[in-house]
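Everything on this sheet refers to the single structure shown next.
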Amino acid sequence: MLVILIIGCAASNYFMSTYGAVIDKNMMTNVFETDSQEAVALITPQLLIWLSLAGIVPALILASIKIKPSRWWYTLLTRLVGVLAGLLIIILVASVFYKDYASLFRNNKGVVKMVTPANYISAISRYSNARWFAGDQSLVKIGEDAKKGPLISQQKKKTVVVFVVGEASRAENYSLNGYIRDTNPEMKKRDVIYFPNASSCGTETAISVPCMFSNMSRKNYDASLARHQEGLLDVMAHAGINLLWRDNDGGCKGACARIPHTDMTQWNLDALCKDKSCWDDAILHRFGNVLDGLQQDSVIVLHLMGSHGPAYYRRYPDKFRTFTPTCDSNQIQDCDRQSLINTYDNTILYTDDIVSRTIDELKAHDDKFNTALVYLSDHGESLGENGIYLHGTPYMLAPSQQTHIPFLFWLSKDYQQNFAINADCLTKKAAAEQVSQDNIFSTLLGMMDIKTSEYQSDMDIFAICRKA
Ligand SMILES: [Zn+2]
């Protein structure tokens, strides 16, 4: 038992001290729902050395200790005395230093989650309770009354909305958001409507993605319900919208479970992929042909690899190595901060190009469809601020870098006209208002003019900007 616990402690200590990770139920969700490609990127020589010195060596020493049999009452008595003495010391210390401890816990809410092995044992048990012992998991249907409204039904052209879901892109590194470096040279040229005050539902993919596609808000989000309840795409399917999910980011975490989806890493695009990880160019592979083939009103979700860490340097082709020197390693905590930021900014530059080219593909099909595009990131990313790297910090402790996300719309002229959208109104709203992933569900239903009892007009970002 101790051998197992010690190795577990070594692993959780490593991730806490190297990346500032907080070990809780959500982190266990990440551990159990990751894929091999994502996990391999975290295996570094440093991790292996840490695991052997802090885990395997002490475990071997422990295992070599011979346990001598003794009388049962003696064993029981010594342990009882040990536990009582321990309790007594705790009470003594607490009575003298109560104030200091109270303020320590009040000011450092995460400190309880740093105690090994309690942190990962409770995290694993809470995760497995929610995941495997949650009772009735039969599918809960929603929005079965969904129908296309008169606006979309009367269009001469079919309507195509592309929803691009990014990965680990943080708003503060977007020039559209005021960042000093020009990381959005292409999107800037394309009349996008950018929302500078947007926040995510979670700080990790496994929470944010199912959350934004669910009819729940961040405050009442229930991950175990989301797992067996229909979401946005199911409601769209009930209304007869044609759907497709193209994935390049390790899966849709349940959001596309009942609609057509394809994993671009399985397409053998050798020029774009290495070790089962593909540049986001893969997501645009024959995308024009996909658009050519559409016969119905459609929503296509593109799930990007974006700025997936820690191996940021592997996310973009050489052409996008604009900011140098770069940190060409997955041991990001060993790189100097500026080179880490340079590498990260190059990933944003590449995403800027991918989203812009998606817009261009839609523009090229303007004669045939009313087209629009939505882009946002699932969550942000920490790049060493206060010793925190990557993401996944519990929401109430999370720094703004992990929750402040880029969020924008591009609407073709015909879409604006045919769906009676006042773009100026939307631009004004963008500058003034706080929006979040909670708005996605009703905004996308509204964009496709879907009538259902699930739709809430006060959550639809476009609602007040639609002309009567
Ligand atoms: Zn993510």
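All heavy atoms count here, side chains included; hydrogens, waters and symmetry mates do not. Nothing here was measured: the structure is a model prediction, and the numbers come from that model.
At least one side-chain heavy atom of P310 sits under 4.5 Å from a side-chain heavy atom of L42. For the pair L411 and F462, the minimum side-chain heavy-atom distance is below 4.5 Å. For the pair V290 and L244, the minimum side-chain heavy-atom distance is below 4.5 Å. Contact check for Q229 versus D234: no side-chain heavy atoms found under the 4.5 Å cut-off. In this structure, T347 and F320 have side chains that are not in contact, with every pair of non-hydrogen atoms separated by 4.5 Å or more. Taking the side chain as every heavy atom from C-beta outward, L373 and V355 approach each other to under 4.5 Å. Annotation: side chain of S436 is not in contact with side chain of C201 (no heavy-atom distance under 4.5 Å). For the pair N119 and V22, the minimum side-chain heavy-atom distance is 4.5 Å or more.
Using a 4.0 Å cut-off between a side-chain N of Lys or Arg and a carboxylate O of Asp or Glu, D438 and R218 do not qualify as a salt bridge. Salt bridge E33/R227: present, at least one basic N to carboxylate O contact under 4.0 Å. One finds a salt bridge joining E385 and R337 here, because a Lys/Arg side-chain nitrogen approaches an Asp/Glu carboxylate oxygen to under 4.0 Å. We find that K148 and D449 are not joined by a salt bridge, their nearest charged nitrogen and carboxylate oxygen being 4.0 Å or further apart. Looking at R466 and D460, a side-chain N of the basic residue comes within less than 4.0 Å of a carboxylate O on the acidic one, giving a salt bridge. Ionic pairing of K188 and D182 is present here: one or more N-O contacts between side-chain nitrogen and carboxylate oxygen are shorter than 4.0 angstrom. In this structure, R357 does not pair ionically with E361, as no charged nitrogen and carboxylate oxygen lie closer than 4.0 Å.
Of all heavy-atom pairs spanning I23 and M28, the tightest one is CG2-CE, 3.8 Å. In terms of heavy-atom proximity, P210 sits nearest to Y221 at CB-OH, 3.4 Å. Of all the heavy atoms in S377 and A168, the pair that sits closest is OG-N, 3.4 Å. The minimum heavy-atom distance between A282 and L269, with the atom names listed, is CB-CD1, 3.8 Å. Listed here is the closest heavy atom pair of K368 and D292: NZ-O, 2.7 Å. For the residue pair Y455 and A463, the shortest heavy atom distance occurs at OH-CB, 4.3 Å.
In this structure, CD1 in I259 is found 5.0 Å from CG in L243, a value given to the nearest 0.5 Å. Taken from CG in D145 to OG1 in T452, the straight-line distance is 4.0 Å, to the nearest 0.5 Å. The CZ atom of F369 sits 8.5 Å away from atom CG of D367, with the distance rounded to the nearest 0.5 Å.
Figure legend: R181 and F323 shown as a cation-pi pair, the cationic atom lying under 6.0 angstrom from the six-membered ring centre and within 45 degrees of its axis. A cation-pi contact, defined as under 6.0 Å to the ring centre and within 45° of the axis, links R246 to W267. At least one cation-pi condition fails for R170 and Y179: the charged atom is not both under 6.0 angstrom from the six-membered ring centre and inside a 45 degree cone around its axis.
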Chi angles and distances behind the side chain to side chain contact (heavy atoms under 4.5 Å, CB included) call for I359, V192: CA-CA 10 Å; I359 293 173; V192 297; 4.0 Å; yes
Verdict with reasoning, D280 to N248, per side-chain hydrogen bond (donor to acceptor under 3.5 Å, both in side chains): CA-CA 7 Å; D280 278 329; N248 187 38; 2.8 Å; yes
Side chain to side chain contact (heavy atoms under 4.5 Å, CB included) between H285 and I283, intermediate numbers included: CA-CA 6 Å; H285 178 70; I283 214 103; over 6 Å; no
Criterion side chain to side chain contact (heavy atoms under 4.5 Å, CB included) on T29 and E204, from CA distance to verdict: CA-CA 9 Å; T29 311; E204 54 242 295; 6.0 Å; no
side-chain hydrogen bond (donor to acceptor under 3.5 Å, both in side chains) assessment of Q402 paired with T393: CA-CA 8 Å; Q402 291 189 25; T393 306; 3.0 Å; yes
Residue pair T44, N330: steps toward the side-chain hydrogen bond (donor to acceptor under 3.5 Å, both in side chains) verdict: CA-CA 7 Å; T44 58; N330 56 352; 6.0 Å; no
Residues D360, R190; criterion side chain to side chain contact (heavy atoms under 4.5 Å, CB included); working and verdict: CA-CA 9 Å; D360 294 346; R190 283 171 179 76; 2.8 Å; yes
Stepwise side-chain hydrogen bond (donor to acceptor under 3.5 Å, both in side chains) test for N242 and S298: CA-CA 5 Å; N242 173 54; S298 303; 3.0 Å; yes
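Surrounding CG of D191 are at most 12 heavy atoms belonging to other residues, nucleotides or ligands under 6.0 Å away. In this structure, E172 places its CD atom where more than 12 heavy-atom neighbours from other residues, nucleotides or ligands lie under 6.0 Å away. Enclosure of atom CG in N220 by more than 12 non-hydrogen atoms of other residues, nucleotides or ligands within 6.0 angstrom is indicated.
With no hydrogens or angles considered, a side-chain donor-acceptor pair links T205 and E167 at under 3.5 Å. The closest side-chain donor-acceptor pair between S277 and D275, if any, does not fall under 3.5 angstrom. Side chain to side chain, D414 and S412 fail the donor-acceptor criterion of an N or O pair below 3.5 Å. Between the side chains of Q434 and N197, not a single donor N or O lies within less than 3.5 Å of an accepting N or O. Between the side chains of H238 and E144, not a single donor N or O lies within less than 3.5 Å of an accepting N or O. Neither side chain, N184 nor Y174, offers a donor N or O lying under 3.5 Å from an acceptor on the other.
A donor-acceptor pair is defined here as one N or O able to donate and one able to accept, closer than 3.5 Å; such a pair exists between the side chain of T443 and the backbone of I461. Within the 3.5 Å criterion, the main-chain N or O of N173 finds no donor-acceptor partner in the side chain of Y344. Looking only at distances, a side-chain donor or acceptor of D352 sits under 3.5 Å from a matching main-chain atom of E186. With hydrogens and angles disregarded, a donor-acceptor distance shorter than 3.5 Å links the side chain of S214 to the backbone of C211. No donor-acceptor pair closer than 3.5 Å links the side chain of T183 to the backbone N or O of D345. Counting only distance, with no hydrogens or angles, the side chain of Q155 and the backbone of L151 share a donor-acceptor pair below 3.5 Å. Of the possible polar contacts, one joining the S442 side chain to the Q456 backbone as a donor-acceptor pair under 3.5 Å is found.
When each of V164, I193, L376, L176 is tested with L408 by the rule side-chain contact (heavy atoms from CB on, under 4.5 Å), just one qualifies, namely L176.
Aromatic ring centroids of F409 and F195 lie under 6.0 Å apart. For Y375 and F407, the gap between ring centers reaches or exceeds 6.0 Å.
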Cut-off 3.5 Å, no hydrogens considered: what does the side-chain donor-acceptor table look like for residues 422-431, sequence neighbours left out?
from : atom 1 : to   : atom 2 : distance (Å)
N422 : OD1    : D424 : N      : 3.1
N422 : OD1    : C425 : N      : 3.1
T427 : OG1    : A423 : O      : 2.8
K429 : NZ     : E433 : OE1    : 3.0

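Note: F213 and W245 have tilted aromatic rings, judged against thresholds of 30 and 60 degrees for the angle between ring planes.
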